[in-house]
Engineer: 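Sharing a structure, written as structure tokens. Questions coming.
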Amino acid sequence: MQENILNAFAEQAKTMYSPMSKFNSLFVENMEKMTEFQLNAIKSYADLSLEQMKKASEIKDADTMRTFSASQAEVASSLNKKIMDDAKAMSDMAMDFKSQVETLMEEARTSAAATTTTATKPAGKTKAA
């Protein structure tokens with residue numbers, strides 16, 4: 001009897017801590033992806049900025065100024081597109097994470113309900129002698 005209670009308690013503890021462990025792993029994996037994405041985005045923005053500064057430093061006369069100014073609309077357009085693409089990618093990553101967490105929570109709820117049902121089943125009746 002006491003062994004059954006201890007086994008049920010151990011099973012419930014395993015059921016309780018397993019989703020937390022899965023959530024922690026999922027969270028760390030998501031943070032790694034988002035951090036890598038953000039670092040790559042920052043690098044691309046920095047490269048673009050440095051490229052524009054180099055082009056600006058090469059302005060020597062009115063013609064190069066006119067060429068540089070004309071190219072700025074195209075640069076601004078491509079930067080705007082990159083920002084929008086990056087925002088969509090971040091949003092997609094966040095939605096994927098949300099979906100995975102919801103799935104994990106549903107699994108945990110189902111598992112906890114099954115464990116609770118198993119643990120609360122009445123023990124088999126013993127015959128009185």
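Since the structure is predicted, the reported quantities are computational estimates derived from the model, not experimental observations.
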Engineer: May I have the step-by-step check of salt bridge (Lys or Arg N to Asp or Glu O under 4.0 Å) for K88 and D85, ending in yes or no?
Structural biologist: CA-CA 5 Å; K88 183 181 180 329; D85 290 345; over 6 Å; no
Engineer: Checking the side chain of N30 only, and the main-chain atoms of K33 only, is there a donor and an acceptor separated by less than 3.5 Å?
Structural biologist: no
Engineer: How long is the gap from CE on M31 to CZ on F97, to the nearest 0.5 Å?
Structural biologist: 9.0 Å
Engineer: For F37, I'd like to know if atom CZ has over 12 heavy atoms of other residues, nucleotides or ligands within 6.0 Å.
Structural biologist: yes
Engineer: For S44 and K82, test the side chains for any donor-to-acceptor distance below 3.5 angstrom and give the result as yes or no.
Structural biologist: yes
Engineer: Is the shortest heavy-atom distance from the side chain of L50 to the side chain of M53 under 4.5 Å?
Structural biologist: yes
Engineer: Would you confirm whether S77, through its side chain, and A73, through its main-chain N or O, come within 3.5 Å as a donor-acceptor pair?
Structural biologist: no
Engineer: Do the charged groups of E58 and K54 touch, with an N to O distance under 4.0 Å?
Structural biologist: no
Engineer: Rounded to the nearest 0.5 Å, how far apart are OG of S57 and CD of Q52?
Structural biologist: 11.0 Å
Engineer: Are more than 12 heavy atoms, taken from residues, nucleotides or ligands other than M90, located less than 6.0 Å from that residue's CE atom?
Structural biologist: yes
Engineer: Do other residues, nucleotides or ligands put more than 12 heavy atoms under 6.0 Å from the CE atom of M105?
Structural biologist: yes
Engineer: I need the single residue from M20, K22, R109 that forms a side-chain contact (heavy atoms from CB on, under 4.5 Å) with L104. Which is it?
Structural biologist: K22
Engineer: Going by atom types only, do D86 and Y45 share a side-chain donor-acceptor pair under 3.5 Å?
Structural biologist: yes
Engineer: Can you find a side-chain donor-acceptor pair between D96 and S99 that sits under 3.5 Å?
Structural biologist: no
Engineer: Can you get from F27 to M34 by hopping between Ile, Leu, Val, Met, Phe, Trp and Tyr side chains that sit under 4.5 Å apart?
Structural biologist: no
Engineer: For E32, is there any backbone N or O sitting under 3.5 Å from a side-chain donor or acceptor partner on T35?
Structural biologist: no
Engineer: Identify the heavy atoms of T64 and I59 that sit nearest to each other, and give their distance.
Structural biologist: OG1-CA, 3.5 Å
